[in-house]
Enquirer: 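Take this structure, written in structure tokens, and hold onto it; I'll ask about it next.
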Amino acid sequence: MNESRLKLFKQRLFSLHIACGVTFSIIMYLAIFFGLFTIFLPYIQAWEKPSRYIQKADITKIDYNYMVEEVLKNPDFPKDNIIINLPGRIGETAVNVQNRFVKPIIFDPFTNEKLEDESKDSTYLAEFLNELHFGQPLKLIGRLVFGFVAVGTLSLIVTGLILIYLFKFKYRAKNQQALFSTIHIKILTWSFLPFLLITISGAVMNIGLISAPPMSKMLTHGEAKSIDELVGSVLFPANKPIKKENISASMLSLNELLIKAQEINPQLTFKQIKLLNWNDITARVEFIGYNPYKPFLNGGIFNIPFVALNAHTGELLENKKVLDNTIPVFIGETLFFLHFLFGIDIFSRTIVAIIMALCGVAIGFGMMLWLEKKAKKVEGKIPFYHWMGKLSLASMIGVIPATATLFLLQWTLPFDLEDRVLWQQGIFYNVWLFTLFWSYYRINSFQASKEFLFFGGVLFIITALLHFIKFKVFISNILGVDIALALFGLLLIFISIKLPKNRKDFILTKILNKGKTDEKTI
């Protein structure tokens with residue numbers, strides 16, 4: 001490729017990168033912002049429900065048999081395929097006994113008392129944050145938009161890497177434009193791999209799952225209506241149903257069987273118990289778990305290891321290990337693991353959250369870089385007042401006080417308030433919309449940013465203090481959410497104080513400027 005063609009290629013690639021960046025940045029930033037909360041979803045789910053303020057229990061010392069018998073006293077509760085979710089599963093602290101066709105029954109693992117489970121009409125904070133992450137509030141349109149943005153972000157990552165290779169950037173910030181370029185490139189250069197993998201998995205889940213039904217119909221000429229009918233037998237091989245003999249038999253203690261399952265496969269961390277043909281001589285108990293020594297390969301949706309025992313005799317029926325499966329199952333499991341982080345501890349989740357938060361910052365500085373170029377063209381003529389800048393400000397920074405309001409309302413609105421969730425979400429949307437109006441009212445975007453960050457930080461701190469004073473809970477995972485919210489609030493206040501009042505006094509420029517200039521900057 002001669003020099004003129006290379007130069008033209010660089011210009012076109014650069015233009016493509018800018019066009020995709022301006023088009024997709026806001027939605028991708030919001031997906032990352034709400035995705036940070038979904039990383040800690042199990043802990044927020046426990047934090048938002050006072051009924052779950054229970055100390056961590058030893059799963060081998062819980063009277064599961066009593067709970068099952070209590071549930072079966074209800075004639076409407078199905079007698080087969082009973083699922084017992086153990087404490088520790090997805091942040092759960094109680095014992096959850098359920099069947100797919102009925103409402104779960106919740107038990108205190110220490111006292112065996114039935115707990116009044118908060119309904120979705122009274123609290124829906126964690127799930128709402130998760131839905132905002134992939135556009136579910138706008139139903140199909142929202143999921144499609146977020147899915148296509150994830151696909152578009154892949155092109156951003158690829159073109160960005162090629163541009164970095166072609167331009168050979170020198171990272172010394174001489175001016176505002178060079179500073180934004182440096183931050184944008186530096187962060188995404190070091191974090192592009194996890195960002196790429198998580199984005200790919202998100203695109204597959206949104207676009208892939210939405211397009212699966214019509215594709216299945218096309219491939220089978222209307223015979224199959226879902227992807228499960230095509231690949232379900234491969235990804236979800238079902239065991240042959242065990243025929244009941246209708247002979248009553250005594251059931252062994254599930255505690256003893258659990259201990260035996262741990263001895264059979266000590267690598268598994270058990271999260272769930274499945275009861276089949278309970279109280280029949282053919283009764284089978286499956287202890288379902290996750291092997292933390294083989295991440296990416298198990299514990300999520302497709303590959304679920306378990307130990308199956310005869311509930312009457314304790315005889316080993318099946319010991320399904322992680323590697324006892326096919327390659328398509330491992331691929332599907334890995335894809336979903338990258339996004340849902342099945343079985344990952346709090347330390348690993350925090351590392352992933354920090355990396356993704358930095359990617360969000362890099363996206364924000366990429367948008368600021370584009371706006372800075374626009375501002376340069378009119379500098380000294382008229383005040384810079386770009387509509388995209390105001391929309392970006394409200395979307396990227398205004399979402400912070402709106403989300404803080406959402407958390408604060410969790411403990412200020414009465415739980416018995418009619419349409420409580422609707423009020424909570426409605427106020428959230430209205431506060432977020434108000435930040436857009438305020439962005440236009442404040443011509444100086446830096447001043448508006450300072451106000452949004454400070455106000456959001458104060459609300460997060462008030463939320464943490466209000467919750468702690470109200471409940472005085474010292475359980476580690478519950479108290480940890482309060483501490484995290486307070487620290488996040490303090491960080492926002494610190495940033496708001498350090499942020500300059502206008503674009504010409506941006507303090508990071510002075511910090512990064514070492515008297516050297518960039519050879520190339522975006």
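Residues: numbered from 1 along the sequence shown.
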Enquirer: Can a donor-acceptor pair be found between the side chains of Asn303 and Glu333 at a distance below 3.5 Å?
Expert: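 Side chains of Asn303 and Glu333: no pair found under 3.5 Å.
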
Enquirer: Measure the acute angle between the ring planes of Trp432 and Phe34, then classify it against the limits of 30° and 60° as parallel, tilted or perpendicular.
Expert: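 Because their plane-to-plane angle is over 60°, the rings of Trp432 and Phe34 count as perpendicular.
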
Enquirer: Parallel, tilted or perpendicular, judged at 30° and 60°: which one describes the rings of Phe37 and Phe33?
Expert: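 Perpendicular: the ring planes of Phe37 and Phe33 meet at over 60°.
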
Enquirer: Can you say whether the rings of Phe407 and Trp47 are parallel (under 30°), tilted (30 to 60°) or perpendicular (over 60°)?
Expert: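 Phe407 vs Trp47 ring planes: tilted.
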
Enquirer: Can you check side chain to side chain contact (heavy atoms under 4.5 Å, CB included) on Leu144 and Asn206, steps first, answer last?
Expert: CA-CA 7 Å; Leu144 283 173; Asn206 252 13; over 6 Å; no

Enquirer: Please check this pair: side chain of Asn96 against backbone of Ile106, looking for a donor-acceptor N/O pair closer than 3.5 Å.
Expert: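 Checked: no pair found.
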
Enquirer: Quick one about Asn85 and Gln272 (side-chain donor to acceptor, distance below 3.5 Å, no hydrogens or angles considered), yes or no?
Expert: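 The criterion, which ignores hydrogens and geometry beyond distance, is satisfied for Asn85 and Gln272.
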
Enquirer: Glu48 vs Thr123, test: side-chain hydrogen bond (donor to acceptor under 3.5 Å, both in side chains). Steps then yes/no.
Expert: CA-CA 7 Å; Glu48 71 171 304; Thr123 179; 2.3 Å; yes

Enquirer: Step through it carefully: locate the ring centre of Tyr290, locate the ring centre of Phe342, and say whether they are under 6.0 Å apart.
Expert: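 Between Phe342 and Tyr290, which both carry aromatic rings, the centre distance is not below 6.0 Å.
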
Enquirer: Between Glu286 and Lys320 (salt bridge meaning N to carboxylate O under 4.0 Å), is one present in this structure?
Expert: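 No, no charged N to carboxylate O under 4.0 Å.
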
Enquirer: Please check this pair: side chain of Ser395 against backbone of Ser392, looking for a donor-acceptor N/O pair closer than 3.5 Å.
Expert: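 Looks like no, no N/O pair under 3.5 Å.
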
Enquirer: Please determine whether a side-chain nitrogen of the Lys or Arg among Arg52 and Asp117 lies less than 4.0 Å from a carboxylate oxygen of the Asp or Glu.
Expert: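 A salt bridge links Arg52 with Asp117.
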
Enquirer: Quick check: are there more than 12 heavy atoms from other residues, nucleotides or ligands sitting under 6.0 Å from CZ of Phe110?
Expert: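 Count over threshold, so yes.
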
Enquirer: For the residue pair Phe270 and Phe287, categorise the inter-ring angle as parallel (less than 30°), tilted (30 to 60°) or perpendicular (more than 60°).
Expert: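 Rings of Phe270 and Phe287: perpendicular, over 60°.
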
Enquirer: Is there a donor-acceptor pair under 3.5 Å between the side chain of Arg143 and the backbone N or O of Gln136?
Expert: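 A pair under 3.5 Å: no.
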
Enquirer: Would you say NZ of Lys321 has more than 12 non-hydrogen atoms from neighbouring residues, nucleotides or ligands within 6.0 angstrom?
Expert: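 Counting other residues, nucleotides and ligands, NZ of Lys321 stays at 12 neighbours or fewer.
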
Enquirer: Test side chain to side chain contact (heavy atoms under 4.5 Å, CB included) on Val352 and Ile39; report intermediate values, then the result.
Expert: CA-CA 8 Å; Val352 174; Ile39 290 174; 4.0 Å; yes

Enquirer: Could you tell me whether the side chains of Glu131 and Tyr124 share a donor-acceptor contact shorter than 3.5 Å?
Expert: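 Result is yes, a qualifying pair exists.
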
Enquirer: Quick check: Phe146 with Phe134 (ring centres under 6.0 Å apart)?
Expert: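 Aromatic pair excluded; centres sit 6.0 Å or further apart.
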
Enquirer: For the residue pair Arg349 and Phe40, would you count it as a cation-pi contact if the rule is NZ or CZ under 6.0 angstrom from the ring centre and within 45 degrees of the ring axis?
Expert: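 The answer is no, since Arg349 fails at least one limit relative to Phe40.
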
Enquirer: Around Leu193, counting heavy atoms of other residues, nucleotides and ligands shown, do more than 12 lie under 6.0 Å from its CG?
Expert: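 More than 12 heavy atoms, drawn from other residues, nucleotides or ligands, come within 6.0 Å of this atom.
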
Enquirer: For Asn99 and Asn81, run side chain to side chain contact (heavy atoms under 4.5 Å, CB included): C-alpha distance rounded to whole Å, both residues' side-chain angles, the deciding distance at 0.1 Å, then the answer.
Expert: CA-CA 7 Å; Asn99 181 282; Asn81 287 320; 4.0 Å; yes

Enquirer: Should we count OH of Tyr429 as having more than 12 external heavy atoms under 6.0 Å?
Expert: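 Atom OH in Tyr429 is packed in, count exceeds 12.
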
Enquirer: Give a yes-or-no answer on whether the side chains of Ser51 and Glu118 include a donor-acceptor pair shorter than 3.5 Å.
Expert: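 Present: a donor and an acceptor within the cut-off.
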
Enquirer: Would you call the rings of Phe471 and Tyr53 parallel, tilted or perpendicular if under 30° counts as parallel and over 60° as perpendicular?
Expert: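 Rings of Phe471 and Tyr53: perpendicular, over 60°.
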
Enquirer: Report, as yes or no, whether the 6.0 Å neighbourhood of atom NZ on Lys470 holds more than 12 heavy atoms from other residues, nucleotides or ligands.
Expert: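 Yes, NZ of Lys470 has more than 12 neighbouring heavy atoms, counting only those of other groups under 6.0 Å.
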
Enquirer: Rounded to the nearest 0.5 Å, what separation is found between the NE2 atom of His17 and the CH2 atom of Trp370?
Expert: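 It is 14.0 Å, given to the nearest 0.5 Å.
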
